[in-house]
Amino acid sequence: MFEQQQRRLEGQIRALLEEAGVPLPEQLNFTDLPFKGTWGFALPMFPLAAAERRSGKPVRVPQRAQELAEYVAQHLQLPEGFQRVEAVKGYLNLYLDPGYFSRFVVDRVIEEGPRYGHHPPRGQRVMVEFSQPNTHKALHVGHLRGTILGDVVARMLQAAGYEVIRANYLGDIGLHVIKWLWNYIKFHNGEEPPPGVDKARWVSDLYVEANKRLEEHPEWEAEVRELFLRWDRGDPELRALWEKTRQWSLEGFEHIYRTLNITFDRVYYESEVEESGKRFVQELIEKGIAQDQRPDGPVVVDLDRLLGLEETYRAFVVLRSDGTSLYSTKDLALAVQKFQEYPDLARSIYVVDIRQSLYLQQIFKTLEVAGYPWADRLYHLAYEVVTLPGNVVLKTREGEVIFLDELIREAIQRARQIVEEKNPALDPETKEQVARAVALGSLKYTMLARENNRKVVFTWEKALSFEGVAAPYIQYAHVRARSILRKAGDQVPQALTPTHTLHPAEVELISQIARLPEKVLQAAEAYRPLTLTTHAYEMARAFNDFYKECPVLQAEPPVRDFRLRLVAAARQALANILALLNIEAPDVM
RNA sequence: GCCCCCGUAGCUCAGUGGAUAGAGCGUCUGCCUGCGGAGCAGGAGGUCGCGGGUUCGAGUCCCGCCGGGGGCUCCA
């Protein structure tokens, strides 16, 4: 937000140092002042002193850095808006005049409104593929992480100025679906989910059953393989059954996405790239990239051999020995199709769990070897999995899962109790809305407030606790701000420069609000929602401290007017960052 | 065997190469006749896994160990 001011200062500092004969680096890097309740930048002078020493001057770096800082501090003409300058321990500290710049920040936030924190379009398009559930299975907590992560990454990239295509890729065909169909035909033919029973759940239970049966009777595997071949021949009856049953799952997905407030611009289905995938593999064989070992073995791309490497990309299986498709068969074709539809994609991001790192590298490398110029624009955004305590991985196949719909239901139920306890006066409808906002917000925040490549261990206790660094803390700050504004009649005073000496809590709040745009950029570039969850907490904390320390409505008119505007700006900033995290900002709770 | 990820307070985790390593939970102590206490303030609690290296400066970068997890020919 202060690039302009920094650039002007940098010009002056460079001139001063040049005059003194100090060799200058290409860039001077400012940092924020590390002292709470202060506002400004610091310039470490160590790199300059170090450069001098490297050029042969016998100086002691820390000492020389301090000398340089003092020299600059003494001769610097502070531009308007700067309060003071000091040289401490080799740092040049530049303090902003909070009165002067607070108006700058507050005015901008109020003027930009919901756009504050967003950046201008950069004319680049990216695709984010995420969620990727399989039909005929249920969604569980594990899916929640990738789904929320992808959604928020898409939101952040959009805020950073990219045009984003939000894509989903549904696993509606594959061995798991064939297994399900086999079990259905053999043991449940003609059945439908009973009325009143959750269809997706009913479908999922049959999947668990199918795996159990096959485990107990391995001899039935042959029937499953036979069914897969029947599928491949395009058997109309089988296809009709598939279409009907897959719909039961799709309805379940639909419902969850609506609950999570997540939408997609383009939904791909594995079934739609199955045939093109096989053709693609055939081309690979003809080009000599893939080796056809059928009927004794699968079709394989031996990447290490092709690239003259050892034990790096390994060999990559792209088609079964019986000619049926694999995940890889379809993923190759899908990548091609994406770039046919959107040739100008600057990046195609795959939000997929970290266990598939090698697999995706194999996909990318195969496409590179096949000569696709966009292969280097494919990017795997890897995230660690959600486990149960004791490093127990969730497995739909064995039915050892926390179902997503169940988790959401429980979380809302728990939130209802807490709303009842904290704010019994609310009307029932509002209570319900608040419970949903708090419950869903908490689940999302928990999934996002962790480094992408670190595990999340799921426990009911933690999932249903809304305390500490969590969504409700931030939502509560928003509610408090909203409450003050409501009491002021929702009238935000005209823009004004504060005439009072700002309280440290005010300074801290303003400087946190001012950081939002750069945090958004930082988060988007690293695909890291954690940057934003942390900043959301920092802003909320600064607001709660301000709330405690600085009376607004009872203050004298000029102070009151400025603080009302500050509250309005803080509320807006909190609402905006919550929106980026796809978390609701309630008015009451 | 090869490759990838993770080791920071009792627990769960933050920490663009920069100043005295910070939060939450738990624990101990305070603060509601000032705008909503789902809040605020304070105490106790650290050889940042170990050993080298790079650097003016390393929790952060590089190398090697140790410990935990994951992946590596027909699951997705």
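Naming convention: chains lettered A, B, ... in sequence-line order (proteins, then strands); numbering from 1 in each chain. Quantities reported herein were computed from a predicted structural model and do not represent experimental measurements.
- Rounded to an integer number of Å, the gap from A:N452 CG to B:C13 P is 14 Å.
- Under the 4.5 Å side-chain criterion, counting only non-hydrogen atoms from C-beta, A:E549 is not in contact with A:L509.
- The aromatic rings of A:F46 and A:Y91 sit perpendicular, their planes meeting at an angle over 60°, well past the 30° parallel limit.
- Ring geometry for A:Y327 versus A:Y359: interplanar angle under 30°, hence parallel rather than tilted (30 to 60°).
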Please enumerate all protein N or O atoms sitting under 3.5 Å from an N or O of nucleotides 6-12 of chain B, with distances to 0.1 Å.
| from | atom 1 | to | atom 2 | distance (Å) |
| --- | --- | --- | --- | --- |
| B:C6 | OP1 | A:N453 | ND2 | 3.0 |
| B:G7 | OP1 | A:R454 | NH1 | 3.0 |

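- Heavy atoms of A:A42 sit under 4.0 angstrom from at least one base atom.
- For A:T147, the side chain to side chain donor-acceptor pair (under 3.5 Å) partners two or more places apart in sequence, or in a different chain, are A:S131.
- A side-chain N or O of A:E506 and one of A:H500 form a donor-acceptor pair less than 3.5 Å apart.
- Within the nucleic acid shown, A:V552 comes within 4.0 Å of at least one base atom, counting heavy atoms only.
- A straight line from CZ of A:R480 to C1' of B:C35 spans 9 Å, rounded to a whole angstrom.
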Write out a two-atom table: protein N or O, nucleotide N or O from nucleotides 27-31 of chain B, distance below 3.5 Å.
none

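- If you check every strand for non-hydrogen atoms under 4.0 Å, A:R528 touches sugar and phosphate atoms only.
- A distance of about 35 Å separates the C1' atoms of B:G18 and B:G70, rounded to the whole Å.
- For the P atom pair drawn from B:C2 and B:A58, the interatomic distance equals 32 Å after rounding to whole Å.
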Quick tally for nucleotides 63-76 of chain B: nucleotides whose base has a protein heavy atom under 4.0 Å get B, sugar-phosphate-only ones S, the rest -, giving ------SSBBBBBB
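- The ring-ring contact (aromatic ring centres under 6.0 Å, His included) analysis of residues 465-488 of chain A, with sequence neighbours excluded, yields the pairs A:Y473-A:Y537.
- In this structure, A:N423 atom CG and B:G36 atom C1' are separated by 8 Å, rounded to whole Å.
- Classification of B:C32 as syn follows from a glycosidic angle within 90° of 0.
- Nucleic acid contact for A:F30: base, since at least one base atom lies under 4.0 Å from a heavy atom of the residue.
- In terms of phosphate contacts, A:K519 brings no side-chain nitrogen or oxygen within less than 4.0 Å of OP1 or OP2 of B:U16.
- Looking at which nucleotide of RNA chain B each of A:R486 and A:T312 is closest to, the 5′-most match is held by A:T312.
- Here the P atom of nucleotide B:G22 and the CZ atom of A:F35 are 12 Å apart, to the nearest Å.
- In this structure, A:L33 atom CG and B:U16 atom P are separated by 18 Å, rounded to whole Å.
- For the residue pair A:Y350 / A:D331, no side-chain donor-acceptor distance below 3.5 Å is found, with atom types taken as modelled.
- Contacts of A:Y313 with the nucleic acid, taken as non-hydrogen atoms under 4.0 Å apart, are absent.
- Residues meeting the side chain to side chain contact (heavy atoms under 4.5 Å, CB included) test with A:V552, sequence neighbours left out: A:I484, A:F546, A:R563, A:L564, A:V567.
- Comparing B:C61 with B:C25, their P atoms are spaced 30 Å from each other, to the whole Å.
- Across the protein-nucleic acid pair, A:L68 atom CG and B:G18 atom C1' stand 16 Å apart, rounded to whole Å.
- Taking only side-chain nitrogens and oxygens, A:Y473 comes nearer than 4.0 Å to OP1 or OP2 of B:C40.
- A:H136 meets the ring pair (Phe, Tyr, Trp, His ring centres under 6.0 Å) test with A:W180; sequence neighbours excluded.
- B:A9 and B:G22 have their P atoms separated by 14 Å, with the value rounded to a whole Å.
- A donor-acceptor contact under 3.5 angstrom links the side chains of A:Q417 and A:R414, judged on distance only.
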Determine, step by step, whether A:R515 and A:E518 satisfy the salt bridge (Lys or Arg N to Asp or Glu O under 4.0 Å) criterion, reporting the C-alpha distance in whole Å, the side-chain angles of both residues, the deciding distance to 0.1 Å, and the verdict.
CA-CA 6 Å; A:R515 285 191 184 118; A:E518 71 179 68; 5.2 Å; no
I'd like to know whether A:E420 forms a salt bridge (Lys or Arg N to Asp or Glu O under 4.0 Å) with A:K431, so could you lay out the CA-CA distance, the side-chain angles of the two residues, the decisive distance to 0.1 Å, and finally the verdict.
CA-CA 8 Å; A:E420 194 58 58; A:K431 275 180 191 161; 3.2 Å; yes
Dump every N/O contact between nucleotides 53-57 of chain B and the protein below 3.5 Å, one line per pair.
| from | atom 1 | to | atom 2 | distance (Å) |
| --- | --- | --- | --- | --- |
| B:C56 | OP1 | A:R54 | NH1 | 3.4 |

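- Contacts of A:V479 with the nucleic acid, taken as non-hydrogen atoms under 4.0 Å apart, include base atoms.
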Dot-bracket, 5' to 3', for RNA chain B please: Watson-Crick or G-U pairs under 3.5 Å, [ ] where pairs cross earlier ones, | where the partner sits on another strand, dots elsewhere.
(((((((..((((....[...)))).(((((.......))))).....(((((..]....))))))))))))....
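- Summary of the strand contacts: A:V588 and A:R541 both lie near RNA chain B, and taking for each the nucleotide with the nearest heavy atom, the more 5' one is attributed to A:R541.
- Shown here are the side chain to side chain donor-acceptor pair (under 3.5 Å) partners of A:Q66, two or more places apart in sequence or in another chain: A:E70.
- Side-chain contact annotation: A:Q63 with A:E67, donor-acceptor N/O pair under 3.5 Å absent.
- The gap from the C1' atom of B:G39 to that of B:C32 amounts to 10 Å, rounded to the nearest Å.
- Atom NE2 in A:H380 sits roughly 12 Å away from atom P in B:C5 (whole-Å rounding).
- Taking atom C1' on both nucleotides, B:U60 is separated from B:G24 by 23 Å, rounded to a whole Å.
- Residue contacts for A:S483: at a heavy-atom cut-off of 4.0 Å it reaches a base atom on one of the strands shown.
- Nucleotides B:C11 and B:U47 place their P atoms 12 Å apart, quoted to the nearest Å.
- Inspection of the A:D172 and A:S271 side chains reveals an N or O donor paired with an N or O acceptor under 3.5 Å.
- Here A:V317 pairs with A:P298, A:V300, A:L326 under the side chain to side chain contact (heavy atoms under 4.5 Å, CB included) rule; sequence neighbours left out.
- For the pair A:R320 and A:F228, the cation does not sit on the ring face, since its NZ or CZ is not both under 6.0 Å from the ring centre and inside 45° of the axis.
- At most 12 heavy atoms of other shown residues, nucleotides or ligands fall within 6.0 angstrom of atom CZ in A:R436.
- Qualifying side chain to side chain donor-acceptor pair (under 3.5 Å) partners for A:R145, counting only residues two or more places apart in sequence or in other chains: none.
- Judged by distance alone, with hydrogens and angles left aside, A:D545 brings no side-chain donor or acceptor close enough to the base of B:A41 to form a pair under 3.5 Å.
- Taking atom CG on A:L530 and atom C1' on B:U16, their separation rounds to 13 Å, with Å as the unit.
- For A:K487, no side-chain nitrogen or oxygen approaches OP1 or OP2 of B:C35 to under 4.0 Å.
- Nearest nucleotide to the A:N93 side chain, out of B:A19, B:A38, B:G34: B:A19.
- Nucleotides B:A14 and B:G59 place their C1' atoms 12 Å apart, quoted to the nearest Å.
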